[in-house]
Amino acid sequence: MTPTIDALALHWVGNQANDEQCITSNRLFALNPEMNQLLTDYFIGSFKSGERFNFSSDTGDVADNLIYKFVSNIFDNPGMLLDFSVDIAAQLYECSEHPQIKGGDFYVVRFTGCGVANQECDAIGLFKIENKDLFLTVEHDTDNKFDMSTLEGISLKKVDKGCLIFNYERQNGYYVMVVDNSNKSNAQYWVDDFLHLSRRQDAYFQTENMMQMCRGYLIDQLPQDFQVSRADQVDLLNKSMNYFAKTPKFDAETFQERVLAQPELTQRFNDYRTQYEKDRDICIGDNFDLNPDAVKKEKRAFKSVIK
């Protein structure tokens, strides 16, 4: 399965608060094979995190999510990508009200040859490029005279905002990947206001939350529940971290036996977990596969605390 761009629409979405416009193109952007490969690598390679999402809606019916609706229309009618990309750009413009949101180039891309869960499927990518870099160009002629000039352009190192929607599990709000390199002043407008996404409660989600919950208990709550020395606290953090790092599957009973060991500590830990899940309206589960990417990410946090 080798992803490639099948069609690409390019628009420019400004900021309403700054009296900028939304400028939409009237035709698809033509790509030669070299540019197709370059942009495919650039867009697809921007997604590093193991977090996954689904479209959601305040009404509880995902069909009420406008971006979900427009993307579904593209999947069903690939030849109308340009028409629905204009609708998507208009919706992004409606969400661009914070005065510090930058205007930028907005790409709506249809990919073929993508894969999820060993199944080949199409995908729709939404990308917004807000920042331009300054490049130095050097030229010389046949007389060996050199000249330097500057050129403003897009760096192919990372996209500012991106979303990749796979045509997989439509009934559950699709399988969605996101990148958002926003500054803090307008963070989450891309994920919450425009896309309206919720975390997919998969192995990555379960692993991340279980490790964060364990770390939170051992750092914050354990000293309140028991008289414990720094050395004992560090020992429990190490045991907990090593369990996640060396065990392919999480099992609550095994974790309690190997790490917590004492019945009273296990009871307090479970009470903390119950409140943690209630506060976040989630259910982590007692048995699940541990996601290696999530373990690697959270292990860094454990090590930082231990140091």
Find out if a path of hydrophobic residues (ILVMFWY) with successive side-chain heavy-atom gaps under 4.5 Å connects Val86 to Tyr107. no

Within the side chain of Asp64, is there an N or O that forms a donor-acceptor pair under 3.5 Å with the backbone of Ser57? no

So, for Phe166 and Phe75, which heavy atoms are closest and what is the spacing to 0.1 Å? C-CZ, 4.1 Å

Given side-chain hydrogen bond (donor to acceptor under 3.5 Å, both in side chains), test Thr112 with Thr4 step by step and report yes or no. CA-CA 6 Å; Thr112 58; Thr4 187; 5.5 Å; no

To the closest 0.5 Å, what do you measure between CE (Met177) and OG (Ser46)? 10.0 Å

Between Ile67 and the options Val176, Leu197, Leu92, Leu126, the side-chain contact (heavy atoms from CB on, under 4.5 Å) test singles out Leu126

Check: Ser25 main-chain N/O paired with His11 side-chain donor or acceptor under 3.5 Å: yes

Would you check, one step at a time, whether the test side-chain contact (heavy atoms from CB on, under 4.5 Å) holds for Leu218 with Ser240? CA-CA 9 Å; Leu218 296 175; Ser240 179; 4.0 Å; yes

Gap separating the CD atom of Glu94 from the CZ atom of Phe194, nearest 0.5 angstrom: 11.5 Å

Do any N or O atoms from the side chain of Asp147 and from the backbone of Val138 form a donor-acceptor pair under 3.5 angstrom? no

Centroid-to-centroid, Phe250 to Phe255, below 6.0 Å? yes

With hydrophobic residues grouped by side-chain heavy-atom distances under 4.5 Å, do Trp12 and Leu10 end up in a single group? no

Would you please test Glu51 and Tyr204 for side-chain contact (heavy atoms from CB on, under 4.5 Å) and show each step? CA-CA 7 Å; Glu51 291 179 283; Tyr204 187 100; 3.5 Å; yes

Glu34: what forms a side chain to side chain contact (heavy atoms under 4.5 Å, CB included) with it, not counting sequence neighbours? Asn32

Over 12 non-hydrogen atoms of neighbours within 6.0 angstrom of CD in Gln171: yes

Side-chain donor or acceptor of Thr137 paired with backbone N/O of Ser149 under 3.5 Å: yes

I'd like to know if Lys128 and Asp180 make a salt bridge, using a cut-off of under 4.0 Å between side-chain N and carboxylate O. no

Is there a side-chain hydrogen bond (donor to acceptor under 3.5 Å, both in side chains) between Asp122 and Asn167 once you walk through the steps? CA-CA 6 Å; Asp122 298 340; Asn167 194 7; 5.4 Å; no

Report yes or no: does Glu120 contribute a side-chain atom to a donor-acceptor pair with the main-chain N or O of Gly115 at less than 3.5 Å? no

Distance col, row Arg230:CZ vs Ile306:CD1, nearest 0.5 angstrom, shows 12.5 Å

For Arg199 and Asn54, what are the C-alpha separation, side-chain angles and deciding distance, and is it a side-chain contact (heavy atoms from CB on, under 4.5 Å)? CA-CA 6 Å; Arg199 284 286 302 276; Asn54 301 114; over 6 Å; no

Just to verify, what does Leu31 make a side chain to side chain contact (heavy atoms under 4.5 Å, CB included) with, not counting sequence neighbours? Ile5, Leu8, Phe29, Met35, Asn36, Leu39

How close do Ala117 and Tyr168 get, counting heavy atoms only, and between which atoms? CB-OH, 3.5 Å

Answer whether the closest heavy-atom distance between the side chains of Asn270 and Gln256 falls below 4.5 Å. yes

Considering only NZ, NE, NH1 and NH2 on the basic side and carboxylate oxygens on the acidic side, decide whether Asp202 and Arg52 come within less than 4.0 Å. no

Do any N or O atoms from the side chain of Ser85 and from the backbone of Leu82 form a donor-acceptor pair under 3.5 angstrom? yes

Applying side chain to side chain donor-acceptor pair (under 3.5 Å), which residue pairs with at least one partner in residues 285-303 are found, sequence neighbours left out? Glu208-Lys297, Gln212-Glu298, Arg215-Glu298, Lys249-Asp289, Arg273-Asp286

Mind checking salt bridge (Lys or Arg N to Asp or Glu O under 4.0 Å) for Glu169 and listing every partner two or more places apart, or none if nothing turns up? Arg200

Can you tell if the side chain of Glu253 reaches within under 4.5 Å of the side chain of Glu257, non-hydrogen atoms only? yes

Apply side-chain hydrogen bond (donor to acceptor under 3.5 Å, both in side chains) to residues Gln91 and Asp87 and explain how you reach the verdict. CA-CA 6 Å; Gln91 182 61 24; Asp87 294 327; over 6 Å; no

Got a donor-acceptor contact below 3.5 angstrom from the Thr247 side chain to the Tyr243 backbone? yes

Between Phe55 and Tyr174, what is the ring plane arrangement, given parallel below 30°, perpendicular above 60°, and tilted in between? perpendicular

Give me the atom names and distance for the closest heavy-atom approach of Phe244 to Cys214. CZ-SG, 3.9 Å

Could you measure the distance from the CD1 atom of Ile23 to the CZ atom of Phe106? Nearest 0.5 Å is fine. 14.5 Å

Does the side chain of Ile124 come within less than 4.5 Å of Phe70's, by heavy atoms? no

How far apart are the closest heavy atoms of Asn15 and Ser96, and which atoms are they? OD1-O, 3.2 Å

Between Asp251 and Thr254, is there a donor-acceptor pair closer than 3.5 Å when you use the side chain of the first and the backbone of the second? yes

side-chain hydrogen bond (donor to acceptor under 3.5 Å, both in side chains) between Asp271 and Gln267, worked out: CA-CA 6 Å; Asp271 291 343; Gln267 181 59 53; 2.9 Å; yes

When you measure from the centre of the six-membered ring of Tyr276, is the NZ or CZ of Arg280 closer than 6.0 Å and no more than 45° off the axis? yes

Spacing of CE belonging to Met148 relative to CD belonging to Glu139, to within rounding of 0.5 Å: 12.0 Å

Donor-acceptor contact present, side-chain Asn209 to main-chain Phe205, <3.5 Å: yes

Could you verify whether a donor N or O on one side chain and an acceptor N or O on the other, from Asp160 and Asn181, lie under 3.5 Å apart? no

Met213 and Phe269: which non-hydrogen atoms are nearest, and at how many Å? CE-CZ, 3.6 Å

Applying side chain to side chain contact (heavy atoms under 4.5 Å, CB included) to Asp232 and not counting sequence neighbours gives Val228, Ser229

Residue pairs, two or more places apart or on separate chains, that pass ring pair (Phe, Tyr, Trp, His ring centres under 6.0 Å) and touch residues 114-134: Phe43-Phe127

Smallest heavy-atom separation, Arg110 atom then Leu81 atom, equals CB-CD1, 3.5 Å

Going by atom types only, do Tyr272 and Asp225 share a side-chain donor-acceptor pair under 3.5 Å? no

Check: Asn65 side chain, Tyr68 main-chain N or O, donor-acceptor pair, under 3.5 Å: yes

Any chance you could lay out the side-chain contact (heavy atoms from CB on, under 4.5 Å) test for Asp76 and Arg170, step after step, and finish with the verdict? CA-CA 12 Å; Asp76 293 338; Arg170 177 186 293 205; 2.9 Å; yes

Could you give the distance from SG (Cys283) to NZ (Lys278), rounded to the nearest 0.5 Å? 14.5 Å

Answer yes if Val191 and Ile282 sit in the same cluster of Ile, Leu, Val, Met, Phe, Trp and Tyr residues linked by side chain heavy atoms under 4.5 Å apart, and no otherwise. no

